[in-house]
Colleague: 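Here you go, one structure.
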Amino acid sequence: MTTDEEMTTTADTPGERLLLQQVPPARPTAGLEEDVRRGLLRGPPRSLPPKYFYDARGSVLFDRICDTPEYYPTRTEDALLERCAAAIIAAVRPKHIVELGAGTSRKTRRLFDACVSEACHSAYAPFDVCHDVLVEAGGSLVNDYDWLTVNALVGDYHAGFDHLPRFEGRSLFVFLGGTIGNFYPEEAVEFLSELRAHMQPDDRLLLGADRVKDPAALHAAYNDAAGVTAEFNLNVLEVLNRELDADFVCEGFYHHACYHPGTQRIEMYLVSKRRQRVRLRRLNEQLEFADGEEILTEISRKFTPESLRALLTVSGFRVEEHFEAPEGYFSLMLAVPVET
Ligand code: AVJ
């Protein structure tokens with residue numbers, strides 16, 4: 001029989017299992033101002049990096065995109081993870097699970113469930129730019145998994161991995177959601193090579209990527225009927241208005257997303273509905289838009305098993321396992337760093 005005393009000495013309080021740590025950038029990265037000067041004030045096409053979508057409202061809108069019937073990637077990846085998480089945990093038996101761009105860690109719970117069924121109590125290190133999301137998600141994780149230690153890492157994975165802590169024992173790095181598709185080919189290689197350089201020989205990478213498929217299905221996923229993706233895209237103008245004291249009129253632009261089979265990618269644009277001038281007061285700049293002029297706000301690359309494998313190979317990995325969703329809708333590759 002367990003006494004009250006034993007209870008208090010054996011069970012950690014959830015708060016003691018949630019740690020928070022700042023990860024300083026390994027190199028300076030461009031801020032909004034520099035990205036705007038480089039991408040939005042120049043062109044053609046004018047462009048913005050997709051990371052500015054995710055302010056508080058943008059993150060909520062992204063969650064709502066995931067709930068639209070057309071946007072299949074999130075639920076497809078989740079179902080795939082549910083199916084193969086036990087095999088992954090059994091094969092890797094990680095001491096640490098390190099997630100890049102962890103967000104709310106919703107899909108990662110599939111791995112923790114597998115940790116339970118495989119009796120492999122890994123620690124979790126979610127790495128994300130958003131402090132508040134890490135605290136909230138971390139709090140509910142330590143509550144729901146009474147064995148789990150969360151070592152939340154606040155930082156920008158675009159700023160390199162030099163200051164990411166190196167954990168002892170084997171780490172499983174996970175990069176989910178198909179976010180690798182938001183990188184241009186050279187950027188993706190650079191990013192994965194850098195991650196590879198940070199990894200120890202025994203570590204593994206689990207990479208999720210969306211697949212090339214029927215263009216109609218791809219088109220629908222980025223043009224949902226309820227217009228949530230359009231709202232998400234237009235929200236970046238609100239971010240600019242707030243951060244740069246700009247005067248974009250959202251009604252002056254429309255959402256345009258289209259799949260390009262040649263480059264195997266979705267290109268997402270905001271298109272000016274008329275000639276218009278926009279002031280960026282904090283930058284002391286103004287923009288002149290022609291009628292129909294576009295801003296490229298995101299690319300989302302789609303992969304074949306071969307192109308995903310090739311990306312991992314040139315980045316210094318060997319693919320150990322490939323898990324795919326029905327009809328080749330989504331891929332998860334488990335990869336090991338190649339000795340150099
Ligand atoms: C989760 C960043 C991979 O590219 O599909 C969803 C973002 N953009 N709808 C993607 C997104 C438009 C998404 N990522």
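Indexing begins at 1, ligand by ligand and atom by atom, following the structure's order. As the structure is a prediction and not an experimental result, all values here were calculated from the model.
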Colleague: Tell me the ring pair (Phe, Tyr, Trp, His ring centres under 6.0 Å) pairs involving residues 99-126, sequence neighbours left out?
Modeller: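 Output for this query lists F112-Y124, F112-Y145, H121-W147.
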Colleague: Who clusters with L296? Use side-chain heavy atoms, under 4.5 angstrom, across I, L, V, M, F, W and Y, and order the result by chain and number.
Modeller: Y184, Y254, Y269, V271, I299
Colleague: For the residue pair N223 and H255, establish whether any side-chain heavy-atom pair is separated by less than 4.5 Å.
Modeller: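 They are in contact (side-chain heavy atoms under 4.5 Å apart), so the answer is yes.
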Colleague: Just grab all the ring pair (Phe, Tyr, Trp, His ring centres under 6.0 Å) pairs involving residues 286-305, residues at least two apart or on different chains.
Modeller: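 For residues 286-305, and leaving out neighbouring residues, the ring pair (Phe, Tyr, Trp, His ring centres under 6.0 Å) pairs sorted by first residue read F253-F289.
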Colleague: Taking R17 for its side chain and L148 for its backbone only, find out whether a donor-acceptor pair lies under 3.5 Å.
Modeller: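 Yes, the answer is positive, given that a donor and an acceptor are paired below the 3.5 Å cut-off.
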Colleague: Present, as a list of atom pairs with distances to 0.1 Å, all nitrogen or oxygen contacts under 3.5 Å between ligand 1 and the protein.
Modeller:
| from | atom 1 | to | atom 2 | distance (Å) |
| --- | --- | --- | --- | --- |
| ligand 1 | 4 (O) | N182 | ND2 | 3.2 |
| ligand 1 | 4 (O) | S300 | OG | 2.7 |
| ligand 1 | 5 (O) | Y71 | OH | 2.5 |
| ligand 1 | 5 (O) | Y222 | OH | 2.4 |
| ligand 1 | 8 (N) | E298 | OE1 | 2.7 |

Colleague: Quick check: does any side chain N or O of R170 sit under 3.5 Å from a backbone N or O of V92, one acting as donor and the other as acceptor?
Modeller: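 Yes, the answer is positive, given that a donor and an acceptor are paired below the 3.5 Å cut-off.
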